[in-house]
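Chain A is the first sequence line, chain B the second, and so forth, proteins listed ahead of strands; every chain is numbered from 1.
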There are 2 protein chains.
Amino acid sequence: MLPYTPEQGTLADIASHRLAQSIVTGELAQGQKLNEAELAERFGMGRGPLREALRHLEGMRLVNRIPNVGARVVVLDRKTLSDLYAVREALEGMACRIAATRMTDDEIDQLRKLLDSHEKQINKQGGKVYSQKEGDLDFHYQIARGSRNQMLMDMLGSEQYQLLRMCRYRTSRNAERTGPALQQHRHIVEALAQRDGELAEMLMRRHIQGAWHSISEMITKEDEAAA
Amino acid sequence: MLPYTPEQGTLADIASHRLAQSIVTGELAQGQKLNEAELAERFGMGRGPLREALRHLEGMRLVNRIPNVGARVVVLDRKTLSDLYAVREALEGMACRIAATRMTDDEIDQLRKLLDSHEKQINKQGGKVYSQKEGDLDFHYQIARGSRNQMLMDMLGSEQYQLLRMCRYRTSRNAERTGPALQQHRHIVEALAQRDGELAEMLMRRHIQGAWHSISEMITKEDEAAA
DNA sequence: TTTTCACATATTGTCGACAATCGGAGTTGC
DNA sequence: GCAACTCCGATTGTCGACAATATGTGAAAA
């Protein structure tokens, strides 16, 4: 369903995928140096495919590369995240507006069911908070699909969602915004069901702004704790 | 000034750059197969750096790659361009709104001077229509810079502008929209000068919509001529 | 004639080794 | 004590050769 299913293609694709997963989950710390030889051996492949994977991750903005120096895991500082959420607000707002006119009734129904399953997971509170988080990305991606805009889907899916997941893992410990977020999701779906694109866009923008404020506060607390 | 200045770094960067240029200018036709060995020899390098360059171009959406099959120049069909312009409208609209609050007076003045030089070029009509086109991209990029959003600048600069340039070269023969476009540019700058972000966004969105309509008609004519 | 299969060729994927470049330890001079 | 310089180790950049896979051709069978 989601675009980041484990690929079985070339070694470069596998390496790219495993690296992305390690970066997103924090297994590889932000700013950490990525040694080609070491990673190649760990993955049981030569340096060629690994270098191609690094180029790919560079395109996805998950690593920063400097010629003749090497690659490092990207650092998600406040400014970067702020920029990310601003872009997301514009893109996902647009996705919502268009999806309101292009999604089928079936797709909207499936969106409702998705939220139902999220609600059950929240009520169970089975400790697995993060899986609900991944579900949240499912929700957003389904709306992007509803826009029928392939470029938009690619941008949100292949790049931004990875950065978002990274951010989520980083701040997942003290994540308590699941309740209000679910309510906002429901409102968005209802706006879509009524084919009210302008409202759907506005609700999505507010939803993302709210998420950013929540994240921003967490970062502030972290910074203060670190100081 | 623009992000596509000739790099002097690794061979992979050079290859990526030369390939991007060839693709954008149409020297490499849309959908054309890209043979690694042939290109490597033409550029006087091994296949390793060239493969890395292809990975990079894949990330920029200038080529489509299929594992074990090869890479092809992307095909800009109507749907792809429609998607591109829709995304651009959202992103550049956002850039305008934010730039209205963040650009310095100096930067806005430089924008005015840029438009003055464009006007002179148009009046001269020195055959070099395309150079005005590149200037148009300068205009848009300066506004993106004015937003102070690095991610937005990267997205507009490294990916979308390449596709846009490609589209421009393809349809540059019968390009006559320079006049009205310049007027719209001037209106946008005035909105920025008045720090009216909402107006600036609206004007930019209309500007891009107008450009899309113009392009769309050209494609229709081309399709009819081909049929 | 058409379809299908097998083979030959071309192209991509991968590896190991070598060259080029960078960062840091140690030294020297002020 | 501090700055700059030099050398060395480590890491990245590059190449050529080999293996794996796909594509195209031709022959054989229906």
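Applying the side-chain hydrogen bond (donor to acceptor under 3.5 Å, both in side chains) rule to A:Glu89 yields the partners A:Arg205, A:Gln209; only residues at least two apart in sequence or on another chain are considered. For A:Glu92, the salt bridge (charged side-chain N to carboxylate O under 4.0 Å, His left out) partners two or more places apart in sequence, or in a different chain, are A:Arg88. Every residue was checked against the side-chain contact (heavy atoms from CB on, under 4.5 Å) condition with B:Glu41, not counting sequence neighbours, and none meets it.
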Show me the protein contacts with nucleotides 5-11 of chain D, counting only N or O atoms at under 3.5 Å.
from: D:dT11; atom 1: OP1; to: A:Asn35; atom 2: ND2; distance (Å): 3.4
from: D:dT11; atom 1: O5'; to: A:Asn35; atom 2: ND2; distance (Å): 3.4

Identify the pairs formed between an N or O of the protein and an N or O of nucleotides 14-19 of chain D at a distance under 3.5 Å, and give each distance.
from: D:dT14; atom 1: OP1; to: B:Leu11; atom 2: N; distance (Å): 2.6
from: D:dC15; atom 1: OP2; to: B:Gly46; atom 2: N; distance (Å): 2.5

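The ring pair (Phe, Tyr, Trp, His ring centres under 6.0 Å) analysis of residues 65-112 of chain B, with sequence neighbours excluded, yields the pairs B:Tyr85-B:Trp212.
Using a 4.0 Å cut-off between charged side-chain N and carboxylate O, B:Arg148 and B:Glu107 make a salt bridge.
Going from atom CZ of A:Arg65 over to atom P of D:dT12 covers 10 Å, rounded to whole Å. Here the P atom of nucleotide C:dT11 and the CD1 atom of B:Ile66 are 16 Å apart, to the nearest Å. In this structure, B:Asp13 places its CG atom 15 Å from P of D:dT12, rounding to the nearest Å.
Residue A:Val87 comes nearest to B:Met155 through the heavy atom pair CG1-SD, 3.7 Å, listed as atom of the first residue, atom of the second, then distance.
A heavy-atom distance below 4.5 Å is found between the side chains of B:Arg78 and B:Thr220.
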Residues A:His140, A:His185; criterion ring pair (Phe, Tyr, Trp, His ring centres under 6.0 Å); working and verdict: CA-CA 9 Å; A:His140 286 265; A:His185 284 179; 5.4 Å; yes
